[in-house]
Amino acid sequence: MSLKLNSLLIHGGVDGDETTGAVAVPVYQTSTYKQDGLGENRGWEYSRTGNPTRDALEKLIADLEQGNFGFAFASGLAAINTVLSLFKSGDRLIVSDNIYGGTFRILDNVFKNFGITYTIVNTSDVAQIESAIDDTVKAVYVESPANPLLTITDIAKVAEVSHKYGKLLIVDNTFLTPYLQRPLALGADIVVHSGTKYLGGHSDTVSGLAVVKDKALADRLYYLQNAIGGVLAPWDSFLVIRGIKTLGVRMDRHVANAGKIAEWLEGSGYVSKVYYPGLKSDPGYEIQKKQADGAGAMISFVLDEKYDYKKFFKSLKLITLAESLGGVESLVCHPASMTHAAIPADIRKQVGIVDELIRLSVGIEDADDLIADLKQAIEASRKEAV
Ligand SMILES: *Cc1c(COP(=O)(O)O)cnc(C)c1O
């Protein structure tokens with residue numbers, strides 16, 4: 001029976017436990033498995049190589065992303081590290097000009113040392129991608145919406161261009177999750193996630209995921225997952241499965257709250273810019289509407305110069321200043337000094353990650369309370385008139 005997404009969130013992957021009938025997939029907290037004789041095992045040998053709880057999560061994320069093979073890792077960056085390990089010295093990647101700071105860091109400070117290089121372009125302009133492609137390029141890597149400026153890239157168009165030249169398209173789908181956007185269905189080859197964010201959803205576990213359709217690519221990734229070893233532990237796999245069960249209801253509230261807050265901010269007079277692809281004024285609005293089922297719940301905005309951003313952060317009472325995003329509680333961060341500090345200042349300025357930029361992960365609290373907190377904190381941060 002083919003299930004719709006809301007049912008797959010609950011019953012996708014491995015539905016409960018065959019052996020005992022347990023409704024929740026148990027935490028198989030074991031490192032190894034008894035072998036019945038030499039070369040005879042029951043499908044499980046060692047938990048880096050495979051673990052039933054992790055396997056259930058891997059099958060679940062594959063179902064949700066409309067892929068065929070899922071992989072779970074100890075963090076989003078462990079997933080990205082493994083995917084980037086598909087490449088070798090001399091290979092080059094084309095990368096979105098605003099991406100998660102840690103992704104930039106691993107490219108710039110780790111893979112570059114091994115001769116795998118990157119070229120940054122504005123991937124929302126497909127022509128820029130096409131003109132950067134040459135023989136050394138092996139893949140295009142995009143986030144849409146991108147972190148932290150929520151820039152939208154037309155995934156189907158980029159897939160078409162990438163494939164025209166025989167390159168892979170890798171999409172980081174952390175900000176929307178498969179509930180709102182399914183990059184593989186749009187033509188991407190590899191989807192990566194920080195499961196730490198909306199999939200886990202409760203700010204209580206760090207995890208990463210990757211999904212592909214293609215069997216040959218899956219074989220290579222599986223080999224690398226086991227060879228590199230950054231796998232997700234059974235308990236954390238359980239927590240992410242548990243988080244995913246409520247993904248739909250959480251995302252509905254996240255998105256509704258974010259829409260209200262973005263509109264309020266835009267008309268508030270407190271900000272000089274709001275970045276949110278759900279606003280009609282946003283340059284990504286039309287493409288976002290075409291390729292996703294919602295605009296997500298990440299909003300970035302630039303405080304008007306009448307207000308002191310440092311004081312704003314200190315004045316918030318309900319919204320928490322913290323790294324990360326996608327949890328049930330609203331979090332706010334300062335990209336220039338926190339999530340994106342690894343990006344050199346000149347590149348930051350060039351793409352718009354200015355010091356006054358504030359990134360808000362809208363939680364599932366009451367939207368009116370969130371707006372009231374933003375309002376009082378902004379008013380408390382008004383600079384003294386000179
Ligand atoms: C957080 C994040 C990552 C990294 O994930 P970790 O789980 O922190 O390692 C990658 N991409 C995006 C878009 C993220 O927000």
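Every value quoted in this text rests on a predicted model; they were computed, and no experiment measured them. Atoms within a ligand are numbered from 1 in the order they appear, just like the ligands themselves. Start at 1 with the first residue, then count along the sequence.
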So, for Tyr307 and Tyr270, is the gap between ring centers shorter than 6.0 Å? yes
Tell me every residue that passes salt bridge (charged side-chain N to carboxylate O under 4.0 Å, His left out) with Lys260, counting only those two or more places apart in sequence or in another chain. none
Does ligand 1 have any N/O atom under 3.5 Å from a protein N/O, and what are those pairs and their distances?
| from | atom 1 | to | atom 2 | distance (Å) |
| --- | --- | --- | --- | --- |
| ligand 1 | 5 (O) | Ser194 | OG | 3.0 |
| ligand 1 | 7 (O) | Gly76 | N | 2.8 |
| ligand 1 | 7 (O) | Ser194 | OG | 2.8 |
| ligand 1 | 7 (O) | Thr196 | OG1 | 2.7 |
| ligand 1 | 9 (O) | Gly76 | N | 3.0 |
| ligand 1 | 9 (O) | Leu77 | N | 2.9 |
| ligand 1 | 11 (N) | Asp172 | OD2 | 2.7 |
| ligand 1 | 15 (O) | Lys197 | NZ | 2.7 |

NZ/NE/NH1/NH2 to OD/OE distance under 4.0 Å, Asp189 and Lys167: no
Using a 6.0 Å distance limit plus a 45 degree cone around the ring axis, check whether Lys273 lies over the aromatic ring of Tyr275. yes
For residues 194-217, which residue pairs pass the salt bridge (Lys or Arg N to Asp or Glu O under 4.0 Å) check, not counting sequence neighbours? Lys215-Asp219
Can you pull out every ring-ring contact (aromatic ring centres under 6.0 Å, His included) where at least one residue sits in residues 80-130? Sequence neighbours excluded, please. Phe104-Tyr118
